[in-house]
There are 2 protein chains.
Amino acid sequence: MSEKRRLTLKDIAKELGISVSTASRALNSYPGIAEETINMVKDFAEKHNYVPNTMAVNFRKNKTMTLGIIVPELIHYFFSSVISGAIQTAKKHGYSVFVSQTDEKVSDEVIACRTLLSSGVDGLLISISNETIEGEHIREFLDEGKPVVQFDKVSDYLETPKVIVDDFQGAFKAVEHLIKQGYKNIAHIGGWADVKNSMERKRGYEAALDRYGFKIDKSYLFQCKDISEQEGYDFTKKLMELPNPPDAIFCITDIVAMGAIKYLKKKKMAIPEHIGIVGFSNWQLAGLVSPGLSSVDQHAYQMGVKAVEIMINILKGNAVCKDEAHLLETELVVRESSSLGKYSNLE
Amino acid sequence: MSEKRRLTLKDIAKELGISVSTASRALNSYPGIAEETINMVKDFAEKHNYVPNTMAVNFRKNKTMTLGIIVPELIHYFFSSVISGAIQTAKKHGYSVFVSQTDEKVSDEVIACRTLLSSGVDGLLISISNETIEGEHIREFLDEGKPVVQFDKVSDYLETPKVIVDDFQGAFKAVEHLIKQGYKNIAHIGGWADVKNSMERKRGYEAALDRYGFKIDKSYLFQCKDISEQEGYDFTKKLMELPNPPDAIFCITDIVAMGAIKYLKKKKMAIPEHIGIVGFSNWQLAGLVSPGLSSVDQHAYQMGVKAVEIMINILKGNAVCKDEAHLLETELVVRESSSLGKYSNLE
DNA sequence: CTGTTAGCGCTTTCAG
DNA sequence: CTGAAAGCGCTAACAG
């Protein structure tokens, strides 16, 4: 821990017999500086591996070249993928990323916002918690002139760019696929009625049925409360005990689908022959379990990329921080759990 | 985006008719400041919601109250759990965390280190990439007097505190459990011979067999190259085609175990009756698949907590950044895949 | 207990 | 093309 003092601009200037400002300008390749001087300074800096004091630069420029990102739960595959894309993209533009998580609690979200704000990030990327409604704490960024980009779970009260999954389209594709596979009675285990993503998926489900001339059977609809495997199990049980049980289930998310599959296996119902299953999210596990779980991929990594690109554009002044939605395409990944006969696209 | 100027200490001082330094001292509750003054300043600050300019403070104090954390892959459940624990703990002590990833490439690791160093983090938490050997780029932190704490995948060339999983113990427990369940011929699908974690797990496997008087059969040992499901599948096939196939397999990691299970299911071999399986890592999926996969939990979250605690202690001056290993206990989570008869601890 | 002063390292006017 | 000088907001001697 030998605290040896770092080389400063002043040192370079003195050593080279020039002024501090010239040294600064040379290093940053300002226009109107002799080629010669630039080389001299850069060479010297290189040789003595000068590294500018970022804190001083930040302070002076009132910019930190850092972004904050807040997610409900870092350990969710979806969010860690988004973050991964965000970090990668930010890095490409010279930005670093602070990561915070809220555990779906608005109180933690408020703290995270304050911390990030006071630590001087240049912009905020956020996916709000389930508890967040208006997001006044997020507005503080906008009040300070710092751009905010929302992604995945967004608040419509905040006028910011939003990057969201086209849940409607994803659900539509999933159900359309089931229909084309020949399934006739398609149920849906959905999520909270007041969460936008859930609503959109339900709408997509209904639209697909409608489009292909099926009518919607209320008894085929269930709503999860905490989107758990257990609920998938329980609701599937209820579905299968109906007088006219479904022959396919579109689940709000893969974990619910896993619960459904668990029940069906226990009851020795063949998947996909007796009953087809499609999930949503395309977790890693979807490809690992057997039968492989068909699922709607949300391109999470791409979402992180997109959100940061929007942010950078605003920061660079090429765009303005205004209320606009960017819909991300989904992709249906078909695996065994919904592949009937000849339509199968498996190895 | 109304760039309204923030309140500064100078503003407060002028408004209150005191000096800037008094204002500063009052806000930071220095000893030797009139109670009265403190209250006056704090009240004023509160009312006009003064928030100190962190960049200026950082610059002045030459501290940022931030930590950097570098992992090979953010999307791995293990690492995102570690990070989660690290962020939580850092927050508790007033620190924020920058997250970087290397994709297992030493070149990316070098860049990440430089970026973090120049962005002025107070300390570095790192799990090195597979390619990293000596880690000269990491040493740069130490050279600047900034503490480094390594975790999970560590380099012995660097003299820093290390938080690691007790792989030996974990493997030992796993194999001991299989033995106690009554399995007699236990195989091991392991990892690279030159990766420490893999070696330790293999040692644990061998030690357990030895301890219970089984002898080690070389034909029961396989080494994965990229630790994939496919390899689990392939090696299990080879194992089962032996003249004397094993009746249990201890897999280096859950994903390999999933491959093993896939093969066994395809061959209609009953798990755990015909063959028992134990994995390592205890991924989320281990509890979701059927049969549930027995697995060694590494307490990843706890690892993040521990690493940050060590870091904070060094930063506070309560400890010094020296070479010492902190072994984290593992925990065997028993599920269906290895639960024979009466020993079963399942619902 | 409080004010004065200096300065952290850098960028950026304003003059040459 | 380059130098001198000011100053970002805050803290920490040093004096009262």
Side-chain angles (χ1 to χ4, degrees), chain A residues 3-42 44-45 48-66 94 117-122 144-145, chain B residues 3-42 44-45 48-66 94 117-122 144-145:
Chain A
E3 202 84 43
K4 58 178 165 186
R5 210 178 64 76
R6 280 205 325 207
L7 205 63
T8 73
L9 268 190
K10 200 152 77 178
D11 299 329
I12 297 184
K14 200 194 302 175
E15 210 68 39
L16 260 37
I18 57 176
S19 77
V20 181
S21 42
T22 306
S24 168
R25 284 187 280 234
L27 280 172
N28 297 300
S29 308
Y30 266 51
I33 283 278
E35 190 73 27
E36 202 184 0
T37 320
I38 295 190
N39 290 333
M40 177 178 72
V41 177
K42 284 199 171 168
F44 185 92
H48 299 74
N49 60 82
Y50 164 76
V51 25
N53 181 325
T54 321
M55 286 181 261
V57 178
N58 288 345
F59 171 45
R60 187 56 234 262
K61 295 212 199 167
N62 201 35
K63 296 207 306 180
T64 54
M65 298 301 282
T66 61
L117 194 56
S118 87
S119 85
V121 295
D122 293 341
E144 288 216 13
Chain B
E3 201 84 42
K4 58 178 162 185
R5 209 177 64 77
R6 282 203 324 206
L7 204 63
T8 72
L9 267 191
K10 198 152 78 178
D11 299 328
I12 298 184
K14 199 193 303 176
E15 210 68 39
L16 259 38
I18 57 176
S19 79
V20 182
S21 45
T22 306
S24 168
R25 285 186 279 235
L27 279 172
N28 297 299
S29 306
Y30 266 51
I33 283 278
E35 191 72 29
E36 200 185 359
T37 320
I38 294 191
N39 291 334
M40 176 178 72
V41 177
K42 284 199 171 168
F44 185 92
H48 297 74
N49 61 82
Y50 163 77
V51 25
N53 181 325
T54 321
M55 285 181 262
V57 178
N58 287 345
F59 173 45
R60 187 57 235 258
K61 296 215 202 166
N62 202 36
K63 295 208 306 178
T64 54
M65 297 303 281
T66 61
L117 194 55
S118 87
S119 84
V121 295
D122 293 342
E144 288 216 14

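Within every chain, numbering begins at 1; the chains are lettered A, B, ... in the order of the sequence lines, protein sequences first and strands thereafter. Since the structure is predicted, the reported quantities are computational estimates derived from the model, not experimental observations. The analysis underlying the following values was restricted to heavy atoms, covering all of them including side chains, and did not include hydrogens, waters or symmetry mates.
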Between [atom2] of [N] and [atom1] of [X], the distance in whole Å:
X: A/K14; N: C/dG9; atom1: NZ; atom2: P; result: 12 Å
X: B/K63; N: D/dA12; atom1: NZ; atom2: P; result: 10 Å
X: A/K10; N: D/dG3; atom1: NZ; atom2: P; result: 16 Å
X: B/N58; N: C/dG9; atom1: CG; atom2: C1'; result: 14 Å
X: B/I18; N: C/dG3; atom1: CD1; atom2: C1'; result: 11 Å
X: A/D11; N: C/dG9; atom1: CG; atom2: C1'; result: 10 Å
X: B/K61; N: C/dG7; atom1: NZ; atom2: C1'; result: 16 Å

So which protein nitrogen or oxygen atoms get under 3.5 Å of nucleotides 14-16 of chain C's nitrogens or oxygens?
none

Worksheet entry | ring pair (Phe, Tyr, Trp, His ring centres under 6.0 Å) against B/Y50, all qualifying residues, sequence neighbours excluded | none
Just to verify, what does [X] make a side chain to side chain donor-acceptor pair (under 3.5 Å) with, not counting sequence neighbours?
X: A/N53; answer: none
X: B/T37; answer: none
X: A/S24; answer: none
X: B/K10; answer: none

Item to complete: Please report the closest heavy-atom contact between A/S119 and A/T64, naming both atoms and the distance.
Response: O-CG2, 4.3 Å
Discussion item. For B/N62 versus A/M55, what's the shortest heavy-atom pair and its separation?
Written reply: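 Scanning both residues, the minimum pair turns out to be OD1-CE, 3.3 Å.
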Discussion item. Rounding to 10°, can you tell me the angle the first-five-pair axis of the helix from C/dC1-D/dG16 to C/dG16-D/dC1 makes with its last-five-pair axis?
Written reply: 40°
Discussion item. Determine whether the aromatic ring of A/F59 stacks with the base of C/dC10, defined as ring centroids separated by less than 5.5 Å and ring planes inclined by less than 30°.
Written reply: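 No; centroid distance or tilt outside limits.
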Worksheet, complete the sentence: side chain to side chain contact (heavy atoms under 4.5 Å, CB included) filter on B/K14, not counting sequence neighbours, yields none
Discussion item. Tell me every residue that passes side chain to side chain contact (heavy atoms under 4.5 Å, CB included) with A/S21, counting only those two or more places apart in sequence or in another chain.
Written reply: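 For A/S21, the residues satisfying side chain to side chain contact (heavy atoms under 4.5 Å, CB included) (neighbours in sequence not counted) are A/S19, A/R25.
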Could you tell me whether the phosphate oxygens of [N], OP1 or OP2, come under 4.0 Å of any side-chain nitrogen or oxygen in [X]?
X: A/T8; N: C/dG9; result: no
X: B/N62; N: C/dC8; result: no
X: A/N28; N: C/dT11; result: yes
X: A/T22; N: D/dG3; result: yes

Distances under 3.5 Å only, N/O to N/O: pair up the protein atoms with those of nucleotides 5-7 of chain D.
{"unit_1": "D/dG7", "atom_1": "N2", "unit_2": "A/R60", "atom_2": "NH1", "d": "2.8"}

Worksheet entry | Stretch residues 29-41 of chain B: residues that reach within less than 4.0 Å of DNA chain D through a heavy atom | B/Y30
